[in-house]
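Taking it in order: structure first as structure tokens, then the write-up.
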Amino acid sequence: QVQLVETGGGLVQPGGSLRLSCAASGSIFSISNMGWYRQAPGKERELVALITKSGSTNYADSVKGRFTISGDNAKNTFYLQMNSLKPEDTAVYYCRGVVGAVAQMRYLEVWGQGTLVTVSS
């Protein structure tokens, strides 16, 4: 079974940093269009950052200059480095990718289970 597994969430003080990781597990032959999304309490899920297989990136205005998305194609893993964190960054963060699954021999949209990031003093 193909899965995306997130790690790296937790509690951090305002101005601090965290790095989230999203690793694909299972038999896959590719991963592309990787993204991080977040959902704060009482709000809709929103896009935070995207990265294509070629390395092109796109960010929400609210995180530009503070967050960096990157990927390691060899490890089928991508990351979100979050710096200068603010209380309004508090949310459950989800990764998403388009994964080529060997068993099905087709591309699947896969979401991670979510990891909580809390920014508070």
Side-chain angles (χ1 to χ4, degrees):
Q1 182 180 1
V2 174
Q3 291 181 314
L4 292 179
V5 180
E6 299 134 341
T7 55
L11 173 65
V12 64
Q13 292 187 342
S17 298
L18 280 176
R19 188 174 86 151
L20 306 182
S21 299
C22 179
S25 65
S27 296
I28 68 172
F29 57 85
S30 74
I31 182 168
S32 60
N33 295 332
M34 298 160 283
W36 288 96
Y37 297 74
R38 67 186 181 187
Q39 187 166 19
K43 295 188 176 181
E44 293 186 353
R45 190 174 298 187
E46 63 175 358
L47 173 67
V48 176
L50 285 172
I51 185 168
T52 67
K53 200 171 179 67
S54 63
S56 298
T57 58
N58 191 26
Y59 296 93
D61 288 344
S62 59
V63 307
K64 281 180 181 176
R66 300 188 297 123
F67 290 12
T68 302
I69 188 170
S70 62
D72 186 334
N73 291 332
K75 295 182 178 179
N76 291 322
T77 300
F78 58 105
Y79 309 93
L80 185 68
Q81 177 66 43
M82 304 184 293
N83 298 328
S84 302
L85 282 160
K86 305 175 181 179
E88 51 263 42
D89 294 317
T90 295
V92 177
Y93 284 71
Y94 299 89
C95 63
R96 172 202 172 272
V98 176
V99 180
V102 171
Q104 293 87 351
M105 284 308 293
R106 64 185 181 96
Y107 294 96
L108 305 173
E109 179 188 46
V110 181
W111 287 85
Q113 80 285 0
T115 185
L116 178 63
V117 172
T118 303
V119 184
S120 176
S121 54

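Below, each value reflects all heavy atoms present in this structure, side chains not excepted, and no hydrogens, waters or symmetry copies.
- Closest non-hydrogen pair, Pro14 versus Ser121, comes out as CD-N, 3.7 Å.
- Residues in residues 97-120 take part in these side-chain hydrogen bond (donor to acceptor under 3.5 Å, both in side chains) pairs, two or more places apart or across chains: Arg96-Glu109.
- Residues Leu47 and Met82 do not share a hydrophobic cluster, defined by chaining ILVMFWY side chains whose heavy atoms lie under 4.5 Å apart.
- Atom CE of Met34 sits about 5.5 Å away from atom CD1 of Ile51, to the nearest 0.5 Å.
- Side-chain contact check for Tyr59 versus Thr68: some heavy-atom pair is nearer than 4.5 Å.
- Residues Leu85 and Phe67 meet the side-chain proximity criterion, which asks for heavy atoms closer than 4.5 Å.
- Of all non-hydrogen atoms in Asn83 and Ser17, the two that sit nearest each other are OD1-OG, 2.9 Å.
- With respect to Val117, the side chain to side chain contact (heavy atoms under 4.5 Å, CB included) criterion is satisfied by exactly one of Val92, Thr90, Leu20: Leu20.
- Considering only heavy atoms from C-beta on, Ile69 stays 4.5 Å or farther from Leu50 through its side chain.
- Note: Gln81 CD to Ser70 OG = 8.0 Å, rounded to the nearest 0.5 Å.
- Contact annotation: the side chain of Trp36 approaches that of Cys22 to within less than 4.5 Å [non-hydrogen atoms, C-beta and beyond].
- The distance from atom OG of Ser84 to atom CZ of Arg66, rounded to the nearest 0.5 Å, is 7.0 Å.
- The cluster map of Ile, Leu, Val, Met, Phe, Trp and Tyr, joined by side-chain heavy atoms under 4.5 Å apart, puts Ile28 and Phe78 in the same cluster.
- For residues 38-52, the side-chain hydrogen bond (donor to acceptor under 3.5 Å, both in side chains) pairs, not counting sequence neighbours, are Arg38-Glu46, Arg38-Ser62, Arg38-Asp89, Arg38-Tyr93, Thr52-Ser54.
- Val102 and Ile31 fall into different hydrophobic clusters, defined by Ile, Leu, Val, Met, Phe, Trp and Tyr side-chain heavy atoms under 4.5 Å apart, directly or through other members.
- Residues Val48 and Val119 are members of one and the same hydrophobic cluster, defined by side-chain heavy-atom contacts under 4.5 angstrom among Ile, Leu, Val, Met, Phe, Trp and Tyr.
- Under the 4.5 Å side-chain contact rule for hydrophobic residues, Tyr79 and Leu4 do not share a cluster.
- Using modelled atom types, one finds no donor on one side chain facing an acceptor on the other under 3.5 Å when comparing Thr77 with Asp72.
- Interatomic distance, Glu6 CD to Leu80 CG, rounded to the nearest 0.5 Å: 10.5 Å.
- Nearest approach of Ala101 to Val2, heavy atoms of both residues: CB-CG2, 3.7 Å.
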